[in-house]
Amino acid sequence: MSSIVWFRRDLRVEDNPALLAGVRAGPVFAVFVWAPEEEGHYQPGRVSRWWLKNSLAHLDSSLRSLGTCLITKRSSDSVSSLLELVKSTGATQLFFNHLYDPISLVRDHRAKEVLTAHGVTVRSFNADLLYEPWDVTDDNGRPFNTFSAFWEKCLSMPFDPEAPLLPPKRIVSGDVLTCTMDPLVFEDELEKGSNALLARAWSPGWSNADKALTTFINGPLLEYSKNRRKADSATTSFLSPHLHFGEVSVRKVFHLVRMKQVLWANEGNKAGEEGVNLFLKSIGLREYSRYLSFNHPYSHERPLLGHLKFFPWVVNEGYFKAWRQGRTGYPLVDAGMRELWATGWLHDRIRVVVSSFFVKVLQLPWRWGMKYFWDTLLDADLESDALGWQYISGTLPDGREFDRIDNPQFEGYKFDPNGEYVRRWLPELARLPTDWIHHPWNAPESVLQAAGIELGSNYPLPIVGIDAAKSRLEEALSEMWQLEAASRAAIENGTEEGLGDSTESVPFAFPQDIQMEENLEPARNNAPAATRRYQDQMVPSLTSSFLRGEHEEPSSSLRTSAEESRAEVPRTVNINREPQRDTLNQGIPETAHNENSFPQLNFPMGLRNAEDSTAESYSSSSRRERDGGVVPVWSPPSSGYPEQFIGDENGLSVSSSYLQRHPRSHQIVNWRRRLSQTG
DNA sequence: CGAGCTTTCAT
DNA sequence: TGAAAGCTC
């Protein structure tokens with residue numbers, strides 16, 4: 001009875017229930033299918049592919065030491081590839097671990113149906129979450145709509161998250177010679193050069209993830225609450241890319257961190273205890289992102305709340321480009337964007353700063369920004385990024401108020417009080433005194449001169465003034481309400497479908513070619529040719545090669561500064577991370593020790609005889625009953641934009657039912673009233 | 001000590 | 001904005 005263990009974003013041998021099920025069942029074929037075209041707009045970006053490549057190599061060598069290897073397949077259709085594999089190997093079982101992004105939900109469901117129809121026993125497991133989304137509900141069995149309620153419930157569940165499983169001691173390999181392997185190509189020649197630097201700062205792979213975890217728990221975790229506001233990322237866990245690819249189990253993270261917390265609680269170490277709570281909260285946000293995606297499978301491209309449906313987003317490629325290049329004239333924003341481009345990494349706080357600037361000050365459609373994050377972040381994660389951008393855009397029931405603009409100048413002094421972060425990533429501002437570092441436009445001419453800065457020449461003036469942004473936002477909102485009212489009136493009169501739909505039905509595709517030829521000087525206050533569109537726009541398709549060409553375009557000072565920044569990456573990051581490496585090595589035996597000492601907890605029987613209950617809950621029949629959890633109809637990317645996106649039927653039903661059953665939706669109305677009264 | 005004022009921070 | 005935490009007299 002040989003089985004296929006289908007690896008996806010669970011690239012580890014420890015605490016991997018699918019792998020363990022395979023090992024128990026007999027000979028194992030461990031498989032990874034590379035089918036990026038299935039992801040549509042969201043094919044992994046350059047750095048993400050780099051990570052994947054290395055992580056797979058790491059997994060392969062681990063599997064080899066256990067007795068088998070990783071079979072790699074290049075495919076445009078994962079399910080067909082699995083089916084072929086079943087036929088060539090004679091495997092009778094398929095095991096995999098759950099994923100919760102919209103595309104995986106559909107694909108995995110199909111895999112189950114198709115392979116079951118071919119007589120294969122298919123079983124799937126939870127390996128990515130503390131609790132399955134369908135297990136966390138309110139007293140009426142309905143899903144939560146706010147993070148805090150969700151997380152409170154998670155922390156007070158009657159059963160603990162499953163204790164992590166030990167890795168198998170040995171794997172009996174299936175006859176690998178019966179299957180052909182495809183070499184997988186994750187980077188082209190040009191990308192190799194850019195990627196070379198990444199290896200100096202990051203080590204993908206499950207055992208490195210383990211080391212990163214140990215290092216974090218024994219170091220920065222203690223001061224997590226104190227340091228979490230610093231833009232310099234030395235105090236974060238650096239676990240997010242590891243977690244994204246499932247190199248470390250979130251349940252292991254949870255248990256180890258919890259044990260540390262108990263220890264600190266006994267010592268009366270309040271700061272440590274608090275640090276753990278905060279860190280666990282960020283783990284909780286990751287959980288919540290999957291939860292949202294499962295319950296609202298379109299959250300990566302459609303707002304959960306519909307109240308911004310008529311918002312006139314500013315369609316300005318100049319703004320978009322200035323933002324990407326770190327040339328907005330706001331040092332904290334620009335430093336963040338340069339760091340992101342150079343390293344694929346950004347501290348969580350800075351992600352909030354740059355994305356909030358994007359949405360509120362530039363008023364660009366959030367999905368563009370999300371797509372750029374997706375293309376450039378090392379830990380790009382569809383569910384987490386969707387949660388983040390929706391939160392910033394105020395389209396979640398517990399998101400930020402839309403009319404509140406954060407001032408990058410003040411945030412600069414909060415997160416980077418001495419300007420070190422800005423100086424590292426914006427060499428052109430390096431000589432500017434701290435007093436002016438976050439608002440150079442106010443600096444006296446003599447100061448600027450002494451620092452070698454000529455605003456508008458080697459560093460831009462603010463692309464939009466904050467005050468201008470505020471009034472522009474108010475105007476846009478009142479325009480939105482007018483449109484909304486008009487639309488409602490039209491619907492009530494029974495005439496047509498409402499005003500908005502005429503503009504909305506025009507699909508707005510991102511203007512790819514415009515970007516290339518644009519001049520590099522970012523748009524200024526006069527907002528040239530800023531068009532507004534009344535639809536939350538389509539995702540721009542930025543291929544990585546396209547981005548690369550653009551950024552390496554010979555040009556003014558940006559090129560030099562970007563290059564300098566990039567050259568600086570390994571040095572900077574190494575300084576921060578080197579000490580970790582040292583502690584790491586000492587940490588290894590300790591980890592091994594800890595692995596064996598996980599408390600073996602007893603779970604209420606019947607709740608957790610994992611495979612069957614999860615497999616059942618995951619099937620479409622049970623999902624259809626779930627509110628908002630209708631299995632999305634997935635269409636292949638070749639057919640262009642999924643029609644449900646434009647057709648809006650799904651979107652409206654998601655958001656209107658959402659509004660109906662969510663009490664806080666009233667706040668949208670109140671908020672609107674309030675603003676029009678004061679403004 | 002604690003009423004009132006200021007600052008911080010939101011998922 | 002508003003709740004919580006911090007600060008002052």
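So you know, we letter chains A, B, ... as the sequences are listed, proteins then strands, and number each from 1.
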According to side-chain contact (heavy atoms from CB on, under 4.5 Å), who are the partners of A:K414, at least two apart in sequence or on a separate chain?
A:R229

Under the ring-ring contact (aromatic ring centres under 6.0 Å, His included) rule, collect the residues that match up with A:F373, sequence neighbours excluded.
A:W389

Pairs of donor and acceptor atoms involving the side chains of residues 377-386 of chain A, under 3.5 Å and at least two apart or interchain, shall be tabulated with distances.
from	atom 1	to	atom 2	distance (Å)
A:D379	OD1	A:R351	NH1	3.3
A:D379	OD1	A:R351	NH2	3.4
A:D379	OD2	A:S240	OG	2.5
A:D379	OD2	A:R351	NH1	3.4
A:D379	OD2	A:R351	NH2	3.0
A:D381	OD1	A:R290	NH1	2.9
A:D381	OD1	A:E383	N	3.3
A:D381	OD1	A:S384	N	2.9
A:D381	OD1	A:S384	OG	3.3
A:D381	OD2	A:H244	ND1	2.7
A:D381	OD2	A:R290	NH1	3.4
A:D381	OD2	A:R290	NH2	2.7
A:E383	OE2	A:D101	N	3.2
A:D385	OD2	A:D381	N	3.4

Stems in DNA chain C, runs of 3 or more consecutive Watson-Crick or G-U wobble pairs with both distances under 3.5 Å, sorted by first number, are B:2-10 with C:1-9

Check salt bridge (charged side-chain N to carboxylate O under 4.0 Å, His left out) between A:D334 and all other residues, then give those that pass, not counting sequence neighbours.
none

Check nucleotides 3-7 of chain C for protein N or O atoms closer than 3.5 Å to its own N or O atoms and list the pairs.
none

Expected output is a numbered-order residue list: members of residues 378-393 of chain A with a heavy atom under 4.0 Å from any atom of DNA chain B. What is it?
A:Y391

Residues in side-chain contact (heavy atoms from CB on, under 4.5 Å) contact with A:D139, at least two apart in sequence or another chain:
none

Compare all side-chain heavy atoms of A:L239 with those of A:F279 and state whether any distance is below 4.5 angstrom.
yes

Using a heavy-atom cut-off of 4.0 Å across all strands, would you classify A:R349 as base, sugar-phosphate, or nothing?
sugar-phosphate

By side-chain contact (heavy atoms from CB on, under 4.5 Å), which residues pair with A:V352, not counting sequence neighbours?
A:I392, A:R400

Aromatic centroids of A:W51 and A:H242 separated by under 6.0 Å:
yes

Will you find, in the side chains of A:R12 and A:S55, an N or O donor that is under 3.5 Å from an N or O acceptor?
no

Counted 5' to 3', the first and last nucleotides of DNA chain B within 4.0 Å (strictly under) of a heavy-atom of chain A are B:dT8 to B:dT11

Of all residues at least two apart in sequence or in a different chain, which pass the side-chain contact (heavy atoms from CB on, under 4.5 Å) check with A:E274?
A:S225, A:N277, A:L278

Determine the minimum heavy-atom distance between A:K360 and A:E401, stating which atoms define it.
NZ-O, 3.4 Å

According to ring-ring contact (aromatic ring centres under 6.0 Å, His included), who are the partners of A:F357, at least two apart in sequence or on a separate chain?
A:Y330

